[in-house]
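For reference, the structure is listed below as structure tokens.
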2 protein chains.
Amino acid sequence: MVRGRRDAAPVLWHRKHDHRRCFEDALARAVSLCRRCGARLTAIRRRVLEVVWQGHRPLGAYEILETLRAERAGVAPPTVYRALDFLLGHGLVHRIESLNAFVGCSDPGSSHGGQFLICRTCGTAAELNDRRIALAIEGCSSESGFHVHHATIEVSGLCPNCQQSDAKVANA
Amino acid sequence: MVRGRRDAAPVLWHRKHDHRRCFEDALARAVSLCRRCGARLTAIRRRVLEVVWQGHRPLGAYEILETLRAERAGVAPPTVYRALDFLLGHGLVHRIESLNAFVGCSDPGSSHGGQFLICRTCGTAAELNDRRIALAIEGCSSESGFHVHHATIEVSGLCPNCQQSDAKVANA
DNA sequence: CACGAATTGATATGTTATAACATTGCTCAT
DNA sequence: ATGAGCAATGTTATAACATATCAATTCGTG
Ligand SMILES: [Zn+2]
Ligand SMILES: [Zn+2]
Ligand SMILES: [Zn+2]
Ligand SMILES: [Zn+2]
């Protein structure tokens with residue numbers, strides 16, 4: 001197993017987050033990764049990736065579609081889904097099954113389970129990739145004689161910010 | 001936390017499985033559970049539960065609908081979805097997010113995360129409810145200051161039976 | 001029986017995703 | 001240059017999943 005650099009859980013909500021930088025880094029990583037493996041990050045694919053990375057809230061395919069349509073006429077669902085398939089295939093975005101939505105991958109090129117903490121108030125999704133969770137799942141599965149291919153882990157709850165907001169409302 | 005009786009992972013695929021018994025037990029548990037809490041397990045709701053429990057393969061709402069229509073004319077999607085909402089609300093079935101499908105709960109009335117091993121060849125879904133996985137997730141989440149509400153855990157892979165089949169094909 | 005509440009029927013529509021085939025634009029051997 | 005071959009995109013239609021709305025019926029209770 002690859003040594004994970006992210007086990008310390010650098011979670012999005014803790015520090016003041018420079019999303020401008022976050023966004024540009026993600027795009028740069030994508031460009032570099034595609035160049036290395038000879039994949040063609042075309043204009044449409046790149047634009048879909050940018051839209052997905054506008055924030056850390058998973059976006060539905062039709063939300064992405066609306067954004068593209070505002071910029072350019074005649075964009076249809078297959079255009080968006082094809083771009084998303086490409087990005088999924090190269091590990092640049094993840095699909096959030098419980099929301100039928102898509103979010104940028106915060107660490108493309110690495111191991112890649114895809115474990116998410118999703119705030120049910122503000123909608124923000126933070127990617128974990130914690131070894132302990134992966135090991136627990138691998139352990140239980142192999143005890144059952146099951147061979148793991150992919151694990152979907154999507155935790156719904158309240159992020160630190162929204163817990164504070166809730167407390168304020170309760171005290172009012 | 002409630003003391004789990006199922007941590008020993010009594011997984012479906014290991015033993016010869018008497019599904020007739022499995023099915024009847026599940027229905028009996030549902031009837032008893034509904035009686036205790038005053039919920040009305042009506043004919044439609046009961047029938048949907050039976051259909052879902054025909055096997056351990058998650059069924060889509062429209063698959064269930066087809067079965068009902070074969071027995072009785074004029075059944076429409078809302079009928080099925082309403083029954084499923086009732087069953088979900090009382091913990092008698094689970095929704096599998098990654099398949100947009102529904103499967104009977106193997107241990108209604110207990111703690112209830114809902115952790116599934118889903119074979120991508122035969123489609124069978126086995127429910128785990130393992131404390132170690134729940135603890136790993138709770139641990140990582142709280143380290144990030146995240147308050148867990150619900151965890152979706154759906155592991156895709158190969159069940160013991162289908163691993164054997166694969167091996168046979170490979171050797172042929 | 002009459003009442004209100006819960007359930008179901010019926011119709012329409014919203015949302016998410018893919019099938020199928022035409023067109024464009026680039027690469028490369030001739 | 002040229003046109004066959006291929007990947008990407010455009011275009012239209014439809015499949016698959018889910019909900020809104022309101023009318024009709026059923027059920028338990030007084
Ligand atoms: Zn960011
Ligand atoms: Zn939040
Ligand atoms: Zn069974
Ligand atoms: Zn299998």
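Every chain is numbered from 1 and lettered A, B, ... according to where its sequence line falls, protein lines coming before strand lines. Everything quoted here is computed from the prediction, not taken from an experiment.
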(request) May I ask you to check whether over 12 heavy atoms, not counting those of A:Arg120, lie within 6.0 Å of atom CZ? (result) yes
(request) Round to the nearest Å and state the distance from B:Leu87 atom CG to C:dT7 atom P. (result) 12 Å
(message) I need a per-nucleotide contact map over nucleotides 8-19 of chain D, read 5' to 3'. Cutoff is protein heavy atoms under 4.0 Å; write B for the base, S for backbone only, - otherwise.
(response) SBBBB----BBB
(request) Look at A:Glu66 together with A:Arg69 and state whether they make a salt bridge at an N to O cut-off of under 4.0 Å. (result) no
(request) To the nearest 0.5 angstrom, please state how far the CZ atom of A:Arg95 sits from the CG atom of A:Leu87. (result)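 One finds 14.0 Å between CZ of A:Arg95 and CG of A:Leu87.
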(message) Under 4.5 Å between side-chain heavy atoms, counting indirect links through other Ile/Leu/Val/Met/Phe/Trp/Tyr residues: same cluster for B:Val93 and B:Phe23 or not?
(response)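 Yes, B:Val93 connects to B:Phe23 through the hydrophobic network.
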(request) Could you point out which residue of A:Ile133, A:Thr152, A:Ile137 forms a side-chain contact (heavy atoms from CB on, under 4.5 Å) with B:Ile153? (result)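 Between B:Ile153 and the candidates, side-chain contact (heavy atoms from CB on, under 4.5 Å) is satisfied uniquely by A:Ile137.
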